[in-house]
Amino acid sequence: MNNQKPQKPTLSGQRFKTRKRDEKERFDPTQFQDCIIQGLTETGTDLEAVAKFLDASGAKLDYRRYAETLFDILVAGGMLAPGGTLADDMTRTNVCVFAAQEDLETMQAFAQVFNKLIRRYKYLEKGFEDEVKKLLLFLKGFSESERNKLAMLTGILLANGTLNASILNSLYNENLVKEGVSAAFAVKLFKSWINEKDINAVAVSLRKVNMDNRLMELFPANKQSVEHFSKYFTEAGLKELSEYVRNQQSIGARKELQKELQEQMSRGDPFKDIILYVKEEMKKNNISEQTVVTIIWSSVMSTVEWNKKEELVAEQAIKHLKQYSPLLAAFTTQGQSELTLLLKIQEYCYDNIHFMKAFQKIVVLFYKAEVLSEEPILKWYKDAHLAKGKSVFLEQMKKFVEWLKNAEEGNHQLSSHVELVHFGNPNANNAVFWSGGC
C-alpha cells in the first residue's frame, strides 16, 4: 500500500525583472534646474554661448518634461513659486531676463535665445506660450523693472511670431486690471511690438485672435471709454495705438448703426424717428456725415429684391429711391457728403451690371429731391469720379451737366427735348428742375 501523499500542482515559469527603461522616472525639477544653472553659470553673460549650451543640452536633458522649469530659469533665474517669487534657499542664476539690463537691445538679444531654442526644439512652443501666460498672471509678484523687461521681451516675441497674441488674455485678469498693472505693462509691450513691426502688423495679429475690440478691457469698467484709453496711451507715446482703438470702436459703432437702421426700415418706422436716432448715434460715436450717408445708401439698397431685367430695374430703383430721398437728404447737408454719395452710387451701378444705365436717372432724381446739388455733381463730373465705369457714366451725365452749367450761369433756355418741371416743394422759389431722361 502506497502511503505517499499526492503532490499539489505548482505553477512553473520564468520570472522577468522589470526593465529599467519601463520604470517611471521620478519627477525631479530640482536636479534639472541644477544642471541648467550650472551650465548657464559656466557660459557667463555671452548670449551666443548661452544659446549653444541650450541647444546641446536638449539632447541630454528632458526639455519636454521640464519645460516650465527651463523657462522659469531663463526668465527669472530659478524656479518660481506660485505668485512669482523665488525661494530664498533656491539655487539661482544671473544669466536670465530679470537680471539683465533694462533696455530694448538686451531684450532683443534674449529674444534671439528663445527663438533659437524653440526653432531647435519645436515641441517647446506650447510650453513657452503657457509659461508666458503664467508669467503675466504673476506680474504683481515682480518688480517694476522686471515687469518692464518682460513686457519688452514679450512685445519682440509677438512681433517675430514666436508668441501668439492670445497670450494677452492673461492681462485681462481682474486684479491686474484693477491695480493698473495691465495697462502699464501693455504700454511697454506695445511700444516694443510696434518698434519691431508697425501698427498695421499689430492690428492683423490682434484680429486673428479676436483681440482687436478688447483692448479697452485693460482698464476697469468705469474707465472703459475711448476717451480714457486715447488719453492714457497718447500720453505714454502710443498715439498710433490710440487712433487704432478709436477707429475700431468707430467700426463697431458703424456696424451696429447699419444693423439697427435696416431693422427700422424693415419695420417701416417714420423717417423723423430714424433721423433722430441716427443723429444721436453720430454724436455719441463721433461718426461723420459722410460715413452715415454711405451707411444709409447701403441700407436702402439692401432692403429690396432687385429685378434682374435691365429695362425694368431702373424704373424700380427710381420708385424705391424716391421714397427714401427725404432720409438721404437729411444727411447730405455738406458738399463732401453729397460727393461721397455720388461715388457710392457710381460704385454700386458699376458693381451691379443691371444698374449701369440707371446711374444718370438716380442722380437726376436726387437732384430734384434736393439730396444732391449742382456744385458736387459738377465736381464729380470734372475730376472727382472713380475710374469704375468712368466713360459710360460721364457720357450718361454729359447733357445734364451741360444743363447745370447753363443753369448756374442763369441761362435756362434748353433744347427742345429737355423739359422743365416743378418737383418737391411747389412753393419753393425757382423750383425749376431738369427732367430729361428720368
Side-chain angles (χ1 to χ4, degrees), residues 289-290 293-294 296-297 300-301 306-307 309-438:
E289 188 178 84
Q290 291 83 52
V293 81
T294 299
I296 294 173
W297 166 260
V300 166
M301 296 306 281
W306 295 110
N307 200 303
K309 293 183 179 179
E310 192 174 6
E311 62 273 16
L312 297 176
V313 79
E315 185 183 340
Q316 184 189 10
I318 296 305
K319 187 178 178 182
H320 179 68
L321 290 171
K322 188 175 181 179
Q323 178 189 347
Y324 283 98
S325 292
L327 181 59
L328 285 158
F331 299 98
T332 51
T333 64
Q334 303 165 16
Q336 190 58 46
S337 304
E338 294 180 52
L339 189 55
T340 299
L341 178 58
L342 268 165
L343 294 173
K344 292 309 290 183
I345 298 167
Q346 180 186 349
E347 191 174 45
Y348 187 90
C349 290
Y350 178 82
D351 292 341
N352 298 272
I353 195 164
H354 299 304
F355 281 80
M356 285 292 283
K357 291 182 180 178
F359 177 75
Q360 183 256 15
K361 292 180 172 67
I362 294 171
V363 174
V364 172
L365 168 71
F366 284 161
Y367 176 73
K368 289 177 179 179
E370 299 185 10
V371 175
L372 298 174
S373 56
E374 292 90 337
E375 195 176 330
I377 295 172
L378 294 174
K379 171 74 176 165
W380 172 88
Y381 187 83
K382 183 182 177 185
D383 56 19
H385 47 258
L386 300 170
K388 292 180 173 182
K390 169 184 167 181
S391 57
V392 174
F393 298 137
L394 290 180
E395 182 60 32
Q396 283 183 28
M397 291 290 290
K398 189 175 179 182
K399 289 180 180 177
F400 181 55
V401 167
E402 284 174 4
W403 179 81
L404 282 178
K405 287 177 179 175
N406 290 334
E408 213 177 27
E409 293 162 6
N411 180 8
H412 296 291
Q413 291 187 5
L414 304 173
S415 57
S416 58
H417 71 281
V418 174
E419 178 187 0
L420 293 178
V421 298
H422 287 267
F423 185 89
N425 182 358
N427 301 316
N429 293 329
N430 302 318
V432 183
F433 297 94
W434 159 282
S435 70
C438 183

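Only heavy atoms go into these numbers, but all of them, side chains included; no hydrogens, no water, no symmetry mates.
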Taking the side chain as C-beta and beyond, is there a heavy-atom pair between Lys398 and Glu402 under 4.5 Å?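 Yes; the side chains approach each other to less than 4.5 Å.
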
Using side-chain heavy atoms (C-beta onward) and a distance below 4.5 Å, is Val401 in contact with Lys382?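 No; the side chains remain at least 4.5 Å from each other.
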
Report the residues that fulfil side chain to side chain contact (heavy atoms under 4.5 Å, CB included) with Ala314, sequence neighbours left out, ordered by chain and then residue number.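 With sequence neighbours excluded, Ala314 shows a side chain to side chain contact (heavy atoms under 4.5 Å, CB included) to Ala358, Lys361, given in chain and number order.
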
What residues form a side chain to side chain contact (heavy atoms under 4.5 Å, CB included) with Gln336, not counting sequence neighbours?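 Side chain to side chain contact (heavy atoms under 4.5 Å, CB included) check on Gln336 returns Gln290, Leu339, Thr340.
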
Closest non-hydrogen atom pair, [X] against [Y]:
X      : Y      : value
Ile318 : Leu365 : O-CD2, 3.8 Å
Trp306 : Met301 : NE1-O, 3.1 Å
Ala317 : Phe355 : CB-CE2, 3.7 Å
His320 : Val300 : NE2-O, 2.8 Å
Met356 : Gln396 : O-NE2, 2.6 Å

Asp351 and Lys388: side chain to side chain contact (heavy atoms under 4.5 Å, CB included), yes or no, with the steps? CA-CA 9 Å; Asp351 292 341; Lys388 292 180 173 182; 3.8 Å; yes

Parallel, tilted or perpendicular: which describes the rings of Phe366 and Trp297, with under 30° parallel and over 60° perpendicular?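 The arrangement is perpendicular - the two ring planes meet at more than 60°.
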
Rounded to the nearest 0.5 Å, what's the gap from [atom1] on [X] to [atom2] on [Y]? Could you check?
X      : Y      : atom1 : atom2 : answer
Ile345 : Phe359 : CD1   : CZ    : 6.5 Å
Ser337 : Leu372 : OG    : CG    : 10.5 Å
Leu386 : Phe393 : CG    : CZ    : 9.5 Å
Met397 : His385 : CE    : NE2   : 11.5 Å
His354 : Cys349 : NE2   : SG    : 12.5 Å
Leu394 : Gln360 : CG    : CD    : 12.5 Å

Can you tell me if [atom1] on [X] sees more than 12 non-hydrogen neighbours from other groups inside 6.0 Å?
X      : atom1 : answer
Ile353 : CD1   : no
Gln334 : CD    : yes
Tyr348 : OH    : yes

Sequence-distant partners of [X], side chain to side chain donor-acceptor pair (under 3.5 Å), two or more places apart:
X      : value
Thr333 : Glu289
Tyr381 : none
Lys379 : Asp383

Which residue pairs pass the salt bridge (Lys or Arg N to Asp or Glu O under 4.0 Å) test with at least one member in residues 329-340, sequence neighbours excluded?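 Non-adjacent pairs meeting salt bridge (Lys or Arg N to Asp or Glu O under 4.0 Å): zero.
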
Check the pair Val364, Lys368 against side chain to side chain contact (heavy atoms under 4.5 Å, CB included), reporting the backbone distance first and the verdict last. CA-CA 6 Å; Val364 172; Lys368 289 177 179 179; 3.9 Å; yes

Using 4.0 Å as the upper bound for N to carboxylate O, is an ion pair formed by Glu347 and Lys344?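 Salt bridge between Lys344 and Glu347, a charged N being under 4.0 Å from a carboxylate O: yes.
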
